[in-house]
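Below, chains carry the letters A, B, ... as their sequence lines are ordered, and counting in each starts from 1.
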Protein chains: 2
Amino acid sequence: MNQSKRYLDIVRDIRDMIRQEKIKPGDRIPSERELAETMQVGRSTLREALRSLELLGLIETRRGEGTFLSDHRNQKLVEVLSTFVLQDNQSHEDVWETRLLHEVAAIQAICRNEAASQMKVWESLRLRLEDESFLREDFVRELMVLSGNRLSLKIWFLLKQYSGNPYDGTVSSEEIGSMNDILAAIERQDADTAIHGFKAWSEWLQKERIRNGNDS
Amino acid sequence: MNQSKRYLDIVRDIRDMIRQEKIKPGDRIPSERELAETMQVGRSTLREALRSLELLGLIETRRGEGTFLSDHRNQKLVEVLSTFVLQDNQSHEDVWETRLLHEVAAIQAICRNEAASQMKVWESLRLRLEDESFLREDFVRELMVLSGNRLSLKIWFLLKQYSGNPYDGTVSSEEIGSMNDILAAIERQDADTAIHGFKAWSEWLQKERIRNGNDS
DNA sequence: AGGATATGAGTGGCCAGACCACTTTCAAAA
DNA sequence: TTTTGAAAGTGGTCTGGCCACTCATATCCT
């Protein structure tokens with residue numbers, strides 16, 4: 001029968017409880033002693049289940065206060081994924097390529113979405129470009145956010161770190177031109193041109209990094 | 001200093017131990033009592049760490065035998081996370097979209113690579129299509145593998161599970177036509193047509209699943 | 001001698017009870 | 001009214017114990 005692995009049952013029970021009691025992210029769930037009592041299990045067994053859920057980022061515990069439903073949803077999800085995915089043999093090239101893949105897809109998604117293409121964001125972005133302290137990363141992150149795919153954003157964020165923060169530094173005067181071109185293309189929903197420009201910028205950046213001897 | 005969260009240290013220590021001792025998947029790791037002794041922690045605390053690792057699919061425990069390094073990761077991980085994390089529709093949509101994103105990119109990469117487009121794989125794939133027991137998933141996985149990006153492959157594999165194994169089942173006679181079209185387009189390196197066909201197939205599949213009432 | 005059986009050591013699964021460290025609360029003291 | 005401090009509640013950890021299971025070994029019966 002369903003022998004052994006009681007802590008897995010507890011994981012399921014906790015999930016059901018959260019559903020039924022309509023506990024929202026950020027809410028506090030009953031204390032360990034209380035849960036152990038109602039579920040008729042020892043506290044240490046219950047803790048095994050809670051610790052598992054915590055490592056997954058599903059709950060959050062604060063000593064002296066209690067246990068709370070985590071509100072970061074797929075925040076930790078991606079972190080967990082990264083420990084699986086990026087633990088070995090990831091050639092730098094794969095990381096680079098995959099990151100670019102997400103960026104291109106983001107631009108494509110923005111261009112497809114009429115509303116996104118015509119937002120005021122672009123104006124303000126263009127203005128901020130003139131600022132000497134405008135970070136390259138801010139530019140790309142803005143694109144990722146505006147794509148609307150939060151999961152892709154999280155994955156991108158991780159990949160960016162694994163590829164040694166390729167967008168480190170501020171936008172130089174040489175780059176402003178091509179970045180303006182990219183923005184213009186997006187505004188008129190010309191995905192091909194925008195992507196082409198972006199890829200060109202990305203490659204230029206990569207060579208620049210190599211020339212300056214930046215490493216991962 | 002490093003207060004609280006001792007079990008996290010243990011997780012790290014165990015991982016390091018596995019690395020140093022060169023323990024391979026399937027190998028047995030020391031017993032709980034032994035580990036607790038050498039790490040100078042209580043057995044229950046150690047167990048919290050082990051249970052966490054087990055839920056992640058990194059280890060496997062068999063009562064009466066011992067604890068072993070798991071070779072097939074993410075098993076319960078996906079199960080648990082998909083029920084906890086992916087509650088809202090936005091997340092489901094994001095997962096679906098991101099998976100498709102990787103698939104499309106794979107096709108594009110294959111088409112760009114002249115050598116890959118002209119491999120014999122396509123012939124054998126076309127033959128296997130005729131087989132009644134040919135799994136949809138095999139088809140897509142083949143594409144992902146041939147793209148050459150192993151990182152993307154891994155991410156895809158996880159996302160596939162999170163979106164409820166969208167390619168479950170065998171290829172039906174209705175689908176063979178469009179799949180052959182996709183293969184043909186790839187062979188002549190016509191990325192646009194291949195992708196267009198693939199997306200159409202993917203959407204058709206999604207509707208089919210909804211009609212049959214498949215869930216998570 | 002050979003096969004079936006009992007035994008004991010080792011292992012994970014689970015529990016009860018005990019401290020400790022920390023946070024919050026609220027009543028008593030200033 | 002403000003400050004203080006004691007108590008209650010919570011997670012963090014350890015100890016020691018018992019149970020259920022596996023496996024290798026020794027033992028017994030044929």
Any side-chain N or O of [X] less than 4.0 Å from the OP1 or OP2 oxygen of [N]?
X	N	result
A/Thr67	D/dG11	yes
B/Arg6	D/dC14	yes
B/Arg63	D/dC19	no

What is the separation between atom [atom1] on [X] and atom [atom2] on [N], rounded to the nearest whole Å?
X	N	atom1	atom2	value
A/Phe68	D/dG11	CZ	C1'	11 Å
B/Glu37	D/dG16	CD	C1'	15 Å
A/Arg51	C/dG13	CZ	P	18 Å

With the side chain of [X] defined as its heavy atoms from C-beta on, choose the nearest nucleotide among [options].
X	options	result
A/Arg33	C/dC19, C/dG13, D/dC14	C/dC19
A/Arg47	C/dC15, C/dG12, D/dT13	D/dT13
A/Thr61	C/dG12, C/dC15, D/dG12	D/dG12
B/Glu48	D/dT13, D/dT10, D/dG11	D/dT13
B/Arg28	D/dC14, D/dG11, C/dT11	C/dT11
B/Glu65	D/dG11, D/dT13, D/dC23	D/dC23

Look only at the side chain of [X] and the backbone of [Y], and say whether a donor-acceptor pair between them is shorter than 3.5 Å.
X	Y	result
B/Glu203	B/Ala200	no
A/Ser52	A/Glu48	yes
A/Arg43	A/Leu35	no

| query | For A/Trp201, is the NZ or CZ atom of A/Lys199 found under 6.0 angstrom from the centre of its six-membered ring and inside 45 degrees of the ring axis? | reply |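 Relative to the ring axis of A/Trp201, which defines the angle, A/Lys199 lies outside at least one limit.
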| field | B/Phe157 six-ring centre to B/Lys154 NZ/CZ under 6.0 Å and within 45° of normal | value |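 No, cation not above the ring by the 6.0 Å, 45° rule.
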| query | Hey, is the side chain of B/Arg43 pairing donor to acceptor with the base of C/dG13 inside 3.5 Å? | reply | yes
| query | What does B/Ser44 touch in the nucleic acid at a heavy-atom separation under 4.0 angstrom: a base, only the sugar-phosphate, or nothing? | reply | base
